[in-house]
Number of protein chains: 2
Amino acid sequence: MPKARLTPASVTEAAAALVDEVGFDNLSMGLLAERLGIKTPSLYKHVTSQAELAHRIAVLAMTEAGDTIRDAIQGRSGSAALAAGAQAMRTYVREHPGRYAAANATRPTGPDDPFIPASERVLASWAAMLSGYGLDPGQEIHAMRTLRSVLHGFATLEAAGGFQIDASVDESFAWLVTFIDQGLRAGAASRGDVTA
Amino acid sequence: MPKARLTPASVTEAAAALVDEVGFDNLSMGLLAERLGIKTPSLYKHVTSQAELAHRIAVLAMTEAGDTIRDAIQGRSGSAALAAGAQAMRTYVREHPGRYAAANATRPTGPDDPFIPASERVLASWAAMLSGYGLDPGQEIHAMRTLRSVLHGFATLEAAGGFQIDASVDESFAWLVTFIDQGLRAGAASRGDVTA
DNA sequence: AGCCTAAAGCTAATCGCGTTAGCTTGAGTT
DNA sequence: AACTCAAGCTAACGCGATTAGCTTTAGGCT
């Protein structure tokens, strides 16, 4: 049999790179085939459908994002962990807008979808980071959702060009991170958790 | 000439209703035509393209959202204005997920695009609400962006089914609003910096 | 009342893109 | 050297958006 020039991983990676360049909803089989130097129908020897391809990009994205966030948080705690994790996520989305869009467009296909553990790893990193704030157990879920909301919201708004005066977007993000940090600290303090 | 059964406004409204039912990216000319009781090509007597139709939905959505947010904030100030405005926005997105998706998918088509003033009206409402917190002028832009990020992030995550244990999503939103309110009151980011 | 125009519909046809069917080739195995 | 099958290819189908061109009909005008 012919040597496998194209592996499942290399095809997914090429698709992910493509999507970061042209945007997730401009992904087309023809574009990817051209990029790989083959004709469009030949792609179906490596992918069952465009939907499956998009899903594979999503799994890759979630896995990569999980890795960078985990690495950023590793070895830090509290404010530093929050700042590093948030920055890692923002940077990932800026560098891989197409992959991130793919991840947001996808839904788990079943109970054994690898997308599920990949997302859970991301959530686990955030949970680990939040645990450093010593929040009340009942509040952790809310803090987690609020955190996800801000970071996701900021990243998508930025990716969509939603911030007009982009001169100070970095500054805004730093402000946002500080805002969250102080809110979380205050939340812990309000329950007497303060180290005084 | 035949009476105008279908006005530009009624077509856009029907498309918006459709999109809220089937999801923005399941919008199709055939579906809308069927809904209006005409054949697909006849739609082009009322719309120049699907892209234009999507854009009209987006303008409608931004205008409607602006109205409800303004109305919610009217007559309130401070925490109450924030809570009411945030709730209004969340409710709008929950009730009109397709329109909101359309609004996020669109880009201004030119300097005289009605989408621009429509978005500005939304921003103006948020700005009016934020002014009640008496923030430092230099921080207002950051507070605005942070506010937009949380609300947009929460709304889109919720619409995408991103919150698994949906039992307490209402509670999480209330927590989020309180979190933002307390942060704004404290002038959170005015002191200290956590930037990595 | 009776024409005349143009808006609004329709059918037929085109185009692009995803996808399927079926043929061909060549590397690795026997 | 024969054999097999993964990976490519061309041809063709299907569906949704869009265009072309015809038909109908209501409103304005004389």
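Proteins come first, then strands; the chains are lettered A, B, ... in the order of their sequence lines, and each starts at number 1. Since we're looking at a predicted model, the values are computed, not measured.
Within residues 36-50 of chain A, the residues having any heavy atom under 4.0 Å from DNA chain D are, by residue number, A:I38, A:K39, A:P41, A:S42, A:K45, A:H46. A heavy-atom distance below 4.0 Å to DNA chain D is reached by none of the residues of residues 7-18 of chain B.
Within the structure, salt bridge (charged side-chain N to carboxylate O under 4.0 Å, His left out) contacts touching residues 31-42 of chain A (residues at least two apart or in different chains) are A:E21-A:R35. Listed by first then second residue, pairs satisfying side-chain hydrogen bond (donor to acceptor under 3.5 Å, both in side chains) with a partner in residues 40-50 of chain A number zero, not counting sequence neighbours. Screening residues 75-87 of chain B for salt bridge (charged side-chain N to carboxylate O under 4.0 Å, His left out), with sequence neighbours left out, gives no hits. For the salt bridge (charged side-chain N to carboxylate O under 4.0 Å, His left out) condition, the pairs that include at least one residue of residues 83-109 of chain A, sequence neighbours left out, are A:E13-A:R99, A:D20-A:R99, A:E64-A:R99, A:R90-A:E158, A:R90-A:D170, A:R94-A:E158, A:R94-A:D170.
Side chains of B:S28 and B:L31 form a contact here, defined as non-hydrogen atoms less than 4.5 Å apart.
Scored by the side-chain contact (heavy atoms from CB on, under 4.5 Å) test, A:A101 finds A:F24 as partners (sequence neighbours excluded). Residues passing the side-chain contact (heavy atoms from CB on, under 4.5 Å) test with B:D67 are B:T63, B:R70, B:R121, sequence neighbours excluded. Residues satisfying the ring-ring contact (aromatic ring centres under 6.0 Å, His included) criterion with B:Y100, sequence neighbours excluded, are B:H152. Applying the side-chain contact (heavy atoms from CB on, under 4.5 Å) criterion to A:P108, with sequence neighbours excluded, gives A:D113, A:F115, A:I116. Under the side-chain contact (heavy atoms from CB on, under 4.5 Å) criterion, A:V122 pairs with A:M62, A:I69, A:W126, not counting sequence neighbours.
Recorded end-axis angle for the helix from C:dA1-D:dT30 to C:dT30-D:dA1 stands at 0°, based on five pairs per end and rounded to 10 degrees.
Contact annotation: A:R5 side-chain N/O to D:dA6 OP1/OP2 distance is not under 4.0 Å.
Closest to the A:S28 side chain, of the nucleotides D:dG8, C:dG18, C:dG9, is C:dG18.
Computed from coordinates, the B:E34 CD to C:dG9 P distance equals 16 Å when rounded to whole Å.
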